[in-house]
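One structure below.
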Amino acid sequence: MTTDSELAHFAQEARGRAWAPYSNFRVGAAVLTQDGRVFTGCNVENASYGLTVCAERNAVAAAVVAGARRFSVLAVSSENGVAPCGACRQVLFEFGGELRVLLCADDGALRETSLAALLPQPFGPSSLPSGQH
Ligand code: THU
C-alpha cells in the first residue's frame, strides 16, 4: 500500500515535469485510488494563459481515463505547500467528498487537510434534481 510519504514523493516527481514558463510556479499532484493505484499530474500552462490546467485536475483526468474514479488521498507538491485552487476543489468533489489532502512543501512540511474542510457546503452531483446526472 502506498504511504503518505510515498504519495508525496510521486507528487514531487510529477512537479518536476510541470510546464510553467509563465508563472514559474510548478505544482505536482498524485492521487491514490481506493483500490491502491496512483495517478499523477502537473500544471500545464499555455501562451494563451487562460488555458492553463492545474496539476490536480490533470491527475484526476489521468485517473478517470484509466477507469478510476474513487479516490482516498491526494498529495499536492509545491515550493510552499499550497492548497488546491477553488476550481480543483470542485472537480475533486465530483468524485466524492471523502478525500484526505496532503499539502507538501519543499521544507519537508506535510500538512494534512481534507476536501470537506477545503470545500464546505459543496455543490455536486447529488445537488442536481434526479434525472439530471
Ligand atoms: N496551480 C496548480 O497547478 N494547482 C494549484 O492548486 C494552484 C495553482 C498552477 C496553475 C498555474 O500554472 C500556476 O500554478 C500559478 O497559478
Side-chain angles (χ1 to χ4, degrees):
M1 197 57 186
T2 306
T3 64
D4 287 356
S5 66
E6 284 168 344
L7 197 67
H9 186 78
F10 282 124
Q12 191 180 25
E13 207 173 61
R15 182 176 140 206
R17 295 187 290 276
W19 175 246
Y22 307 106
S23 72
N24 281 315
F25 188 67
R26 300 158 79 85
V27 185
V31 71
L32 177 65
T33 66
Q34 287 180 10
D35 62 6
R37 289 181 282 169
V38 174
F39 296 94
T40 61
C42 59
N43 54 332
V44 179
E45 297 188 345
N46 191 275
S48 178
Y49 299 162
L51 299 183
T52 291
V53 183
C54 292
E56 297 88 329
R57 270 177 287 157
N58 278 329
V60 167
V64 170
V65 79
R69 297 188 211 118
R70 289 154 67 87
F71 309 133
S72 55
V73 192
L74 169 77
V76 183
S77 168
S78 65
E79 189 182 325
N80 53 350
V82 294
C85 79
C88 290
R89 296 176 196 196
Q90 180 67 30
V91 168
L92 288 161
F93 187 76
E94 181 71 14
F95 301 105
E98 273 188 43
L99 182 70
R100 295 173 60 228
V101 178
L102 307 172
L103 308 176
C104 319
D106 278 352
D107 64 2
L110 204 153
R111 204 155 47 96
E112 177 165 350
T113 182
S114 65
L115 186 57
L118 294 170
L119 190 67
Q121 299 185 32
F123 176 88
S126 66
S127 308
L128 294 169
S130 57
Q132 297 196 13
H133 64 277

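Hydrogens, waters and symmetry mates are skipped; everything else that's a heavy atom, side chains included, is used. Numbering of ligands and ligand atoms starts at 1, following listing order. The shown structure was predicted, so the numbers you read here are calculated from the model rather than taken from an experiment.
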**Study point:** Glu79 with Arg26: basic N within carboxylate O range, under 4.0 Å
**Key:** no

Shortest protein heavy-atom distance from [atom], along with the residue and atom involved:
| atom | result |
| --- | --- |
| atom 16 (O) of ligand 1 | Phe25 CD2, 4.8 Å |
| atom 3 (O) of ligand 1 | Ala55 N, 2.9 Å |
| atom 8 (C) of ligand 1 | Cys54 SG, 4.1 Å |
| atom 9 (C) of ligand 1 | Asn43 ND2, 3.5 Å |
| atom 5 (C) of ligand 1 | Glu56 OE2, 3.4 Å |

Revision key, fill the gap. Under 4.0 Å between heavy atoms, the region of Cys88 that gets near ligand 1 turns out to be neither

Review point. Does the protein put a heavy atom under 4.0 Å from atom 12 (O) of ligand 1?
Key: yes

Review point. Mind checking whether Asn43 and Glu45 have side chains closer than 4.5 Å, heavy atoms only?
Key: yes

Review point. Hey, is the main chain of Leu51 close enough, under 3.5 Å, to the side chain of Ser48 for a donor-acceptor pair?
Key: no

Review point. If only atom types and distance count, is the side chain of Arg100 paired as donor or acceptor with the main-chain N or O of Val73 below 3.5 Å?
Key: no

Exercise for review: Would you name the heavy atoms of Ala66 and Phe39 that are closest together and state the gap between them?
Suggested key: CB-CE2, 3.4 Å

Counting only heavy atoms not in [X], do more than 12 fall under 6.0 Å of its [atom1]?
| X | atom1 | value |
| --- | --- | --- |
| Phe123 | CZ | yes |
| Arg37 | CZ | yes |
| Glu98 | CD | no |

Check your understanding: Taking the minimum heavy-atom distance to atom 15 (C) of ligand 1, which of Ser23, Pro84, Gly86 ranks first?
Key -> Ser23

Check your understanding: Hey, what's the ring geometry for Tyr49 with Tyr22, parallel, tilted or perpendicular (30° and 60° as the breaks)?
Key -> tilted

Give the atom numbers and elements of ligand 1 that come within less than 4.0 Å of a heavy atom of [X].
| X | result |
| --- | --- |
| Glu45 | 11 (C), 12 (O), 13 (C) |
| Ala83 | 6 (O) |
| Thr52 | 10 (C), 11 (C), 12 (O) |

Does [X] have a non-hydrogen atom less than 4.0 Å from ligand 1?
| X | value |
| --- | --- |
| Ala18 | no |
| Val82 | no |
| Cys85 | yes |

